[in-house]
Amino acid sequence: MSGLFSGPKATVTKPGSTRSVFRLPGVYPPQEDTWLLADALRREDIAANTRVLDLCTGTGALAVSAAAAGGRVTAVDVSPRATTNARINARIGGHRVRVLRGDLVDPVRGRCFDIIVSNPPYVPADDDVLPTGGIARAWDAGKNGRALLDRVCEHAPELLAPTGVLLLVQSALTGVEKTQSMLEEKGLAVAVAARAEVDFGAVMRSRSALLKARGLIGAGQHTEELVVVRARK
Ligand SMILES: C[S@@+](CC[C@H](N)C(=O)[O-])C[C@H]1O[C@@H](n2cnc3c(N)ncnc32)[C@H](O)[C@@H]1O
């Protein structure tokens, strides 16, 4: 969650890339965690019939990337702005993406996917009350930062096809081991697909004192490790 925007911008461009993603104000701007996950997604086999689910889609950057690779993509987000944004990006890219609004897996219960990608909110917050609107809903994840991660670990495996893969990005500050053990309990084989050390962005910087008080970071720490967990059925 670094480099977070501080004003209304229409587009965000991946650093070092000519690619840009249209973004409505109030929608999470794609950034390091998005791109780390996108790179991991690109390493998966995606063919014409590959069913891909992008859980917590935001601008739809990952969904569009999967659709561009040829997948049959469904994207879910709780935010109406995000679902509108994802539909616009699918349209701009000329891709068919089924975009559904709802709480996590609710809109896709009973369905089956070959690949699930997710960049859920994972920043530790003051309390366990999750925002019900506004851009903070894209990162606030309760005191331990795991409110959404735990739900993804609990429910995403139920949606995976017999050889399906879950790709999930999070900060190492919010318990990669917990993610691993929850997914292993669901019978998945878990590995780290990618990791990257990144500077704190505005949100993490503003929570430095809180994170330090909780023993999550050391004095003067201003970076966090992002980790993409790959869990295979
Ligand atoms: C960190 S952003 C990721 C956006 C995008 N996937 C990316 O990587 O740039 C998290 C997204 O999760 C969405 N979200 C938060 N709570 C949710 C929930 N309960 N169900 C579905 N989406 C949720 C937010 O609206 C936000 O768009």
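Ligands are counted one by one from 1 in listed order, and the atoms in each one are counted from 1 as well.
Checked against a 3.5 angstrom limit, the closest N/O atoms of Asp77 and ligand 1 fall inside it. At under 3.5 Å, not a single nitrogen or oxygen of Ser79, backbone or side chain, sits near a nitrogen or oxygen of ligand 1. Residue Asp103 has at least one nitrogen or oxygen atom sitting less than 3.5 Å from a nitrogen or oxygen atom of ligand 1, judged on distance alone. The shortest N or O to N or O distance between Pro120 and ligand 1 is not below 3.5 Å. Between Asn119 and ligand 1, a contact under 3.5 Å exists for at least one N or O pair. Annotation: Val78 places an N or O atom under 3.5 Å from an N or O atom of ligand 1; distance criterion only.
Under 4.0 angstrom from ligand 1, there are no non-hydrogen atoms of Leu130. At a 4.0 Å heavy-atom cut-off, ligand 1 does not touch Asp33 at all.
For Asp150 and Lys178, the salt-bridge test passes: some basic side-chain N is under 4.0 Å from an acidic carboxylate O. By the 4.0 Å N-to-carboxylate-O rule, Arg51 lies close enough to Asp114 to be salt-bridged with it. Between Asp140 and Arg207, at least one side-chain N (NZ, or NE/NH1/NH2) sits under 4.0 Å from a carboxylate O, which counts as a salt bridge.
Put simply, no part of Val76 is less than 4.0 Å from ligand 1, judged by heavy atoms. Using a 4.0 angstrom heavy-atom cutoff, Leu104 counts as in contact with ligand 1. Ligand 1 is approached by Pro121 to a heavy-atom distance shorter than 4.0 Å.
Of all atoms in ligand 1, listed by their number and element, those nearer than 4.0 Å to a heavy atom of Thr57 are 4 (C), 5 (C), 6 (N). In the vicinity of Gly102, heavy-atom distances shorter than 4.0 Å reach the ligand 1 atoms 20 (N), 21 (C). Close approach of ligand 1 to Ala138 (heavy-atom distance below 4.0 Å) involves ligand atoms 1 (C), 2 (S), 10 (C), 24 (C), 26 (C). Ligand-side atoms of ligand 1 in range of Leu62: 6 (N), 8 (O), range being under 4.0 angstrom from any heavy atom. For ligand 1, the atoms sitting less than 4.0 Å from at least one non-hydrogen atom of Leu148 are 19 (N), numbered in the order shown with element in parentheses. Below 4.0 Å from some heavy atom of Gly58 lie the following atoms of ligand 1, by number and element: 4 (C), 27 (O).
Using modelled atom types, no side-chain atom of Thr57 and backbone atom of Asp54 make a donor-acceptor pair closer than 3.5 Å. A distance-only check finds a donor-acceptor pair linking the side chain of Ser118 to the backbone of Leu55 [under 3.5 Å]. For the pair Gln170 (side chain) and Thr174 (backbone), a donor-acceptor distance under 3.5 Å is present. Between the side chain of Asn85 and the backbone N or O of Phe22, at least one donor-acceptor pair lies under 3.5 Å. For Arg230 (side chain) and Leu167 (main-chain N/O), no donor-acceptor pair under 3.5 Å exists by modelled atom type.
Across Arg137, Arg151, Gln170, heavy-atom proximity to atom 15 (C) of ligand 1 is greatest for Arg137.
Here the CH2-OG distance, from Trp139 to Ser171, works out to 15.0 Å after rounding to the nearest 0.5 Å. The CZ atom of Phe200 sits 6.0 Å away from the CG atom of Leu211 when rounded to the nearest 0.5 Å.
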Can you list, pair by pair, the side-chain donor-acceptor contacts under 3.5 Å of residues 98-109, counting residues two or more places apart and other chains?
{"residue": "Arg101", "atom": "NH1", "partner": "Val78", "partner atom": "O", "Å": "3.2"}
{"residue": "Asp103", "atom": "OD1", "partner": "Arg151", "partner atom": "NH1", "Å": "3.2"}
{"residue": "Asp103", "atom": "OD1", "partner": "Arg151", "partner atom": "NH2", "Å": "3.3"}
{"residue": "Asp103", "atom": "OD2", "partner": "Arg151", "partner atom": "NH2", "Å": "2.9"}
{"residue": "Asp106", "atom": "OD1", "partner": "Arg109", "partner atom": "NE", "Å": "3.3"}
{"residue": "Asp106", "atom": "OD1", "partner": "Arg109", "partner atom": "NH2", "Å": "3.0"}

